There are 2 protein chains.
Amino acid sequence: MSITHTAPRFTSTLTSQCQSCSLSALCLPIALADEDINRLDQIIERKKPLKKGEVLFRQGQSFDSVYAVRTGTLKTFNITSSGEEQITGFYCPSELLGLSGIDGNVYPVSAKALETTTVCEIPFSHLEDLSAQIPSLKHQIFKVMSRKISDDQQMMVLLGKKNADEKVASFLLNLSNRFKKRGYSATSFRLSMSRGEIGNYLGLAVETVSRVITRFQKNEMIEVDGKEIAIVGLTEMQKLVGVASDCDKIKNI
Amino acid sequence: MSITHTAPRFTSTLTSQCQSCSLSALCLPIALADEDINRLDQIIERKKPLKKGEVLFRQGQSFDSVYAVRTGTLKTFNITSSGEEQITGFYCPSELLGLSGIDGNVYPVSAKALETTTVCEIPFSHLEDLSAQIPSLKHQIFKVMSRKISDDQQMMVLLGKKNADEKVASFLLNLSNRFKKRGYSATSFRLSMSRGEIGNYLGLAVETVSRVITRFQKNEMIEVDGKEIAIVGLTEMQKLVGVASDCDKIKNI
DNA sequence: CGTTATATTGAAGTATATCAATCCAGGTGG
DNA sequence: CCACCTGGATTGATATACTTCAATATAACG
C-alpha cells in the first residue's frame with residue numbers, strides 16, 4: 001500500500017451509501033434514478049468525522065471538492081483585512097458547501113466544524129463529468145446553486161434592512177424551517193453555534209443577541225436553556241419578521 | 001404570421017451576434033469554440049431596448065430565461081413584507097441576471113432598468129440542453145453562479161461588518177473594477193443609480209450616502225459632479241476598505 | 001419655465017456598540 | 001468528588017454612528 005497525501009477515509013461498517021442515507025431525499029440524489037444514485041455514490045468519499053473546531057477547508061486553499069453535511073454543523077467564514085472573522089453561513093445535514101470555490105478554483109471562505117461533524121466529499125471534477133451524463137443531476141446542481149443565490153439575497157435584505165429583533169427572529173425561524181424540512185421538531189432544537197457566532201453572522205454584537213434573546217423570553221416567544229431553545233410563540237415570531245405570503249409581497253411591487 | 005404572446009424582438013441592422021459582440025470575452029461565450037458560440041447564439045433572443053424604469057421581470061413571475069446585459073444598467077430588488085424595496089444588485093453590460101429563479105421556477109426578485117438598457121434573453125431550458133452538449137458552456141454557467149455566490153458573500157461581509165465610509169468606498173471600488181474589466185476607465189465613470197438606490201443597496205440612509213460622498217470630496221479622494229464621479233485617491237480608498245492581498249488575509253486565519 | 005424628483009446640509013433622536021462587571025457551565029487536575 | 005479555572009453568557013451604564021426629521025438647493029423633465 002502506497003503512502004498518499006490524502007486524509008484517511010472513514011468507511012462505515014454499514015453500507016453508508018447514498019441509497020440508504022436518510023438524507024437522500026434532501027441532498028443531491030434527489031430526483032435521481034436508482035442507477036444514477038449509484039453512479040453518484042461511487043464518486044463520493046465519506047470522510048472520517050471532524051471534531052469540533054477542525055477545519056474542513058481553508059480560505060485560499062485550492063478548490064477541488066464540494067461537501068455534503070451528513071451529521072453535525074459547520075460554519076463558513078471570511079477573514080477581513082482587519083483580521084476579524086465574518087461568518088457567511090451555517091451548514092446543517094444534507095446541505096452542500098464549497099460551491100463558491102468553483103469560480104476561482106480556490107475556496108473564498110474557510111469551513112470549520114461547530115461540533116463533531118461528518119461530511120461526504122464530492123470531487124468536483126468527477127461531479128461535473130457525471131453531470132454531463134445525467135441531466136437531472138446537472139439540473140439539481142443548478143438548482144442548489146440557484147437556491148444558494150436567492151438565500152444569500154434574503155440574507156442581504158436581513159442585514160441591510162432589519163433591526164436586531166427581526167434579525168434574531170429571522171435567524172431562529174430559518175433554523176426552525178431547516179430542522180423541520182428534515183423531520184426534526186420545528187419548535188424545539190439545539191443551537192450548535194455560540195451567541196457570539198450568531199451575532200457575528202447577523203451583524204450584531206454578542207451583547208445585543210443576548211439581550212434580544214432574553215427579551216424574547218420575557219415576551220414568551222421562546223424558552224431557552226443554554227443552547228437548547230423552544231419556540232413557543234411561532235406565529236407571533238413570524239409576524240415579527242413579516243412572513244408575508246407571496247401574494248402579499250407581489251401586490252406591493 | 002401568427003400572433004404570439006411574446007414581446008416583439010429587436011433585430012439590429014448589423015449582425016448583432018455573440019461573435020461580433022464586444023462583450024463576448026466577458027459574457028457567457030468566453031472559453032467557447034467558434035462553432036459553439038454560434039450554437040449559443042441561435043438560442044439567444046435580442047430584445048428591444050428597455051426604457052428607464054421598465055421592468056424586465058417581476059418578483060413572483062414564472063422563471064424561464066436568464067438575461068445578459070448588453071448596454072445600460074439594471075437593478076434587482078425585493079419587496080419586503082412591510083412594502084419597502086430592498087435592492088439586491090446592480091447589473092452592468094456582460095453580466096448575467098435571473099439565475100436565482102432556477103431553483104423555484106419563479107423569479108425571487110424583480111429587475112428594472114436604471115437607464116435605457118438592452119439585454120439578450122437566454123431561455124433557460126435551451127441553455128440547459130445546450131450545456132449538456134457543450135461541456136465548457138456548462139462549466140461556464142457553474143462558474144458564473146459560483147462567482148455570484150462568492151460576490152454575494154462579500155456583500156454580506158460589507159453589510160454586516162463595515163461602517164458607512166467603508167460601505168460607500170467598497171461600492172465605488174467595486175464599480176470601478178467592473179468598468180475597468182470591460183475596458184472603461186477605472187477612475188472616472190457615471191453612476192447610473194441614484195443616491196437613494198446606493199443607500200438602499202448598502203443599508204444606509206440617503207442622507208448618510210450624501211454625507212459620505214461630500215466627506216470623500218473634502219478629503220480629496222473623489223471628485224463629483226452630479227452622477228459623474230472621478231476617483232482621484234484610488235490607493236487611499238483601497239486602504240480605507242482594506243484591500244489586502246490574499247496572503248495578508250490568509251495569515252490571519 | 002414651472003413642477004417635481006433628487007440631492008445636500010443641519011439638528012435632534014435612537015438603536016446598537018462598546019466598556020465593564022458579574023454570572024454560569026463545562027472541563028481539568030488535585 | 002470538589003475546587004479551580006476558563007470561555008461563554010448575561011446584565012448594566014455609557015458612547016456613538018447612523019437615522020430621522022426638516023429645511024433648502026439643485027437637477028431633471030414635461
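In what follows, chains are A, B, ... by sequence order, proteins preceding strands, each numbered from 1. Computed from a predicted structure; not experimentally measured.
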Item to check | Under 3.5 Å: donor-acceptor pair, side chain of R182(B), backbone of L26(B) | outcome: no
Next on the checklist: For nucleotides 7-24 of chain C, give me one character per nucleotide, 5' to 3': B if any protein heavy atom sits under 4.0 Å from the base, S if the only such contacts are to the sugar-phosphate, - if neither.
Outcome noted: SBBBB----SSBB-----
Checklist entry - Under 30°, 30 to 60°, or over 60°: which ring-plane class applies to F90(A) and F171(A), parallel, tilted or perpendicular? => result perpendicular
Next on the checklist: Without decimals, in angstroms, what is the distance between L159(B) CG and dC18(D) C1'?
Outcome noted: 15 Å
Next on the checklist: Please give me the minimum heavy-atom distance between M237(A) and F216(A), naming the atom from each residue.
Outcome noted: CE-CD2, 4.2 Å
Item to check | R190(B) CZ to dA27(D) C1', straight-line distance once rounded to whole Å | outcome: 12 Å
Next on the checklist: Salt bridge check, K112(A) against E197(A): does any charged N sit closer than 4.0 Å to a carboxylate O?
Outcome noted: no
Next on the checklist: Can you measure K167(B) atom NZ to dA17(D) atom P for me and round it to whole angstrom units?
Outcome noted: 14 Å
Next on the checklist: Would you call the rings of Y107(A) and F63(A) parallel, tilted or perpendicular, taking 30° and 60° as the class edges?
Outcome noted: perpendicular
Checklist entry - Given atom CD1 of I198(A) and atom C1' of dG8(D), what is their separation to the nearest angstrom? => result 12 Å
Checklist entry - Does CZ belonging to R147(A) count more than 12 external heavy atoms closer than 6.0 Å? => result no
Checklist entry - Can you check the E115(B) CD to dT6(C) P distance for me, whole Å? => result 15 Å
Checklist entry - If an axis is fit to five pairs at each end of the helix from dC1(C)-dG30(D) to dG30(C)-dC1(D), what is the angle between the two, to the nearest 10°? => result 50°
Checklist entry - Will you find, in the side chains of K162(A) and S170(A), an N or O donor that is under 3.5 Å from an N or O acceptor? => result yes
Item to check | Which atom of D165(A) lies closest to which atom of L240(A), heavy atoms considered | outcome: O-CD2, 4.1 Å
Next on the checklist: I need the CD-P distance between E228(B) and dA27(D), as an integer number of Å.
Outcome noted: 13 Å
Next on the checklist: I need the NZ-C1' distance between K161(A) and dT19(D), as an integer number of Å.
Outcome noted: 12 Å
Next on the checklist: Once rounded to the nearest 0.5 Å, what's the spacing between atom CG of L74(A) and atom OG1 of T117(A)?
Outcome noted: 5.0 Å
Item to check | Gap between atoms NZ and P, on K52(B) and dA5(C) respectively (whole Å) | outcome: 12 Å
